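Right, one structure below, let's go through it.
Quick caveat, the model's predicted, so the values are computed rather than measured.
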Amino acid sequence: MADAKPRRYNPAMMNAPTMGPLLVALAAILLPAAGIGHRFGRWRFRTGVALVALAAVLAGLGTALCLIALPELRSRELSAMWPAIVGAVVGLAVLSVPLRRFILRLWLPAIHDVSTDLDDPPRFVAILEHRAGAPNPPEHGGVAVTERQRRAYPEIVPLDLELPTDAAFAAVQAAAEELGWTVVAQDPAAGDLEATATTLWFGFKDDVVVRVREHEHGSRVDVRSASRVGTSDLGTNAARIRAFLRLVSGGP
């Protein structure tokens with residue numbers, strides 16, 4: 001029996017129908033891993049961002065190859081087309097995540113500190129030790145940040161409640177618990193609460209300080225949310241404040 005000849009590399013086997021779904025699969029694994037790795041301390045923030053960018057490139061290239069392959073596969077059985085069809089759909093879904101972040105970065109202001117009171121933003125006290133070494137300082141950015149926030153988020157304003165301060169503070173505590181914040185310090189008598197919110201994907205630590213004070217006809221609630229890292233929060237802090245105030249006011 002003659003010896004079997006060694007198999008030679010065949011470039012035709014690594015064509016668009018093969019490579020497209022392969023690249024998309026790699027991108028689909030890399031994209032969530034970029035954030036999860038940072039969340040569990042496997043790599044730094046910038047490494048995670050670079051991996052997201054790499055996932056976007058792979059998803060874009062893989063999707064393009066899948067779309068190129070579809071006309072070629074049309075003459076074959078339907079089963080031969082499924083990898084390219086699924087690859088194109090998944091590739092577009094993966095690509096939409098970094099694309100959305102890119103659009104938000106262009107559209108939203110480059111700020112990472114949002115407050116309902118821009119004249120006298122609530123100050124961090126107990127949480128300062130947790131921010132030690134963070135790239136972003138705990139102090140508010142001042143006039144430049146104030147003007148950008150006013151233009152981008154005019155709806156972020158203090159919340160006035162027709163409640164005594166103790167009842168308003170109870171609502172603040174309940175909202176912080178429902179949102180899953182880690183409360184660092186709270187003083188019901190003074191009306192102050194400090195907490196840390198952790199983002200789902202990358203596990204970023206954003207710090208929150210809430211201030212409840214007696215006001216005409218009831219109480220006034222002010223809240224400030226500031227990221228420890230990143231030049232732009234992509235709207236995360238503003239969205240967090242909106243959700244918090246909606247819960248405090250009794251909204252859905």
Completion exercise
In this structure, CG of L31 is separated from CG of L95 (nearest 0.5 Å) by 10.0 Å
Practice task
First locate atom CG of L65, then atom CG of L61, and finally report the distance between them rounded to the nearest 0.5 Å.
Solution key: 5.0 Å
Exercise for the section: For atom CZ of F45, decide whether the heavy atoms of other residues, nucleotides or ligands shown that lie under 6.0 angstrom number more than 12. Expected result: yes
Handout entry: Audit row: F169, V210, side-chain contact (heavy atoms from CB on, under 4.5 Å) steps and yes/no
Key = CA-CA 9 Å; F169 195 80; V210 184; over 6 Å; no
Handout entry: Distance-only donor-acceptor check, side chains N136 and S227, under 3.5 Å
Key = no
Exercise for the section: Please answer whether the main-chain N or O of A93 pairs with a side-chain N or O of S96 as donor and acceptor at a distance below 3.5 Å. Expected result: yes
Handout entry: Salt bridge present between D119 and R150 (N-O < 4.0 angstrom)
Key = yes
Problem - Shortest non-hydrogen contact between L30 and A55, atoms and distance - result: CD2-N, 3.9 Å
Practice task
Look at the side chain of D160 and the backbone N and O of R220, then say whether any donor-acceptor pair between them is shorter than 3.5 Å.
Solution key: no
Handout entry: Contact check, side chains of F124 and R224, non-hydrogen atoms, under 4.5 Å
Key = yes
Exercise for the section: Take atom CD of E214 as the centre, draw a 6.0 Å sphere, and report whether it contains more than 12 heavy atoms from other residues, nucleotides or ligands. Expected result: no
Handout entry: Any donor-acceptor pair under 3.5 Å from T199 side chain to F204 backbone
Key = yes
Handout entry: Donor on one side chain, acceptor on other, Q186 and Q173, under 3.5 Å
Key = yes
Handout entry: Nearest non-hydrogen partners of A168 and V212, listed with the distance
Key = CB-CG1, 3.9 Å
Completion exercise
So CG of L245 and OG1 of T116: to nearest 0.5 Å the spacing works out to 6.5 Å
Exercise for the section: State, to 0.1 Å, how close G62 and L23 come at their nearest heavy-atom pair, and which atoms those are. Expected result: CA-CB, 3.9 Å
Problem - Within one Ile-Leu-Val-Met-Phe-Trp-Tyr cluster: W82 and V90, side-chain cutoff 4.5 Å - result: yes
Exercise for the section: Indicate if V97 and V94 have the same hydrophobic cluster label, given that clusters are the connected sets of ILVMFWY residues with side-chain heavy-atom separations under 4.5 angstrom. Expected result: yes
Practice task
Determine, stepwise, if the pair F202 / V52 fulfils side-chain contact (heavy atoms from CB on, under 4.5 Å).
Solution key: CA-CA 11 Å; F202 267 74; V52 171; 3.9 Å; yes
Handout entry: Note: D117-R213 ion pair, threshold 4.0 Å (strictly below)
Key = no
Problem - Rounded distance [0.5 Å steps], OG1 in T231 versus NE2 in H112 - result: 7.5 Å
Practice task
Taking atom types as modelled, find out whether K205 and T198 have a side-chain donor-acceptor pair closer than 3.5 angstrom.
Solution key: yes
Practice task
Evaluate whether atom CZ of R123 has more than 12 neighbouring non-hydrogen atoms of other residues, nucleotides or ligands under 6.0 angstrom away.
Solution key: no
Exercise for the section: Using the rule that two of Ile, Leu, Val, Met, Phe, Trp, Tyr join whenever any of their side-chain heavy atoms come within less than 4.5 Å, decide whether L92 and L70 are in one cluster. Expected result: no
Exercise for the section: Could you tell me whether the side chain of V209 reaches within less than 4.5 Å of the side chain of I127, counting heavy atoms only? Expected result: no
Exercise for the section: Looking only at non-hydrogen atoms, find the nearest pair between R148 and P109 and report the distance. Expected result: CB-CB, 4.0 Å
Handout entry: Flag, side chain of S219 to backbone of L163, donor-acceptor distance under 3.5 Å
Key = yes
Handout entry: Joint hydrophobic cluster, V125 plus V208, side-chain heavy atoms closer than 4.5 Å
Key = no
Exercise for the section: Could you walk me through whether H140 and T146 pass the side-chain contact (heavy atoms from CB on, under 4.5 Å) test, one step at a time? Expected result: CA-CA 9 Å; H140 190 267; T146 295; 3.6 Å; yes
Practice task
Run the numbers on L159 and F244 for side-chain contact (heavy atoms from CB on, under 4.5 Å), then give the verdict.
Solution key: CA-CA 10 Å; L159 174 65; F244 174 75; over 6 Å; no
Handout entry: Pair E155 + R242, salt bridge at N-O below 4.0 Å
Key = yes
Problem - Test: D192 and R211 ion pair at under 4.0 Å - result: no
Practice task
Taking W201 for its side chain and R39 for its backbone only, find out whether a donor-acceptor pair lies under 3.5 Å.
Solution key: no
Exercise for the section: Specify the closest pair of heavy atoms between A84 and C66, including all atoms of both residues, with the distance to one decimal. Expected result: O-CB, 3.4 Å
Practice task
Can you see which heavy atom on G48 is nearest to which on A34, and at what distance?
Solution key: O-CB, 3.5 Å
Handout entry: Beyond-backbone contact of Q149 with I111, side-chain heavy atoms, under 4.5 angstrom
Key = yes
Exercise for the section: Check the pair R105, S232 against side chain to side chain donor-acceptor pair (under 3.5 Å), reporting the backbone distance first and the verdict last. Expected result: CA-CA 7 Å; R105 186 173 290 275; S232 173; 4.9 Å; no
Exercise for the section: Decide if atom CG of L200 counts as having more than 12 heavy atoms of other residues, nucleotides or ligands within a radius under 6.0 Å. Expected result: no
Problem - Linked, directly or transitively: L179 and V114 (ILVMFWY side chains, under 4.5 Å) - result: yes
Handout entry: N237 side chain reached by D113 side chain, heavy atoms, under 4.5 Å
Key = no
Handout entry: E162 side, atom CD; H215 side, atom NE2 - distance, nearest 0.5 Å
Key = 11.0 Å
Problem - Heavy-atom side-chain proximity of H38 to T47 below 4.5 angstrom - result: no
Exercise for the section: Measure the CG-CG distance between D233 and L108 for me, rounded to the nearest 0.5 Å. Expected result: 8.0 Å
Handout entry: Residues D206, R228: salt bridge by 4.0 Å N-O rule
Key = no
Exercise for the section: For E194 and V184, indicate whether the former's side chain and the latter's backbone hold a donor-acceptor pair under 3.5 Å. Expected result: no
Exercise for the section: Assess whether side chain to side chain donor-acceptor pair (under 3.5 Å) is satisfied between S115 and D222, documenting all intermediate values. Expected result: CA-CA 7 Å; S115 174; D222 281 297; 5.9 Å; no
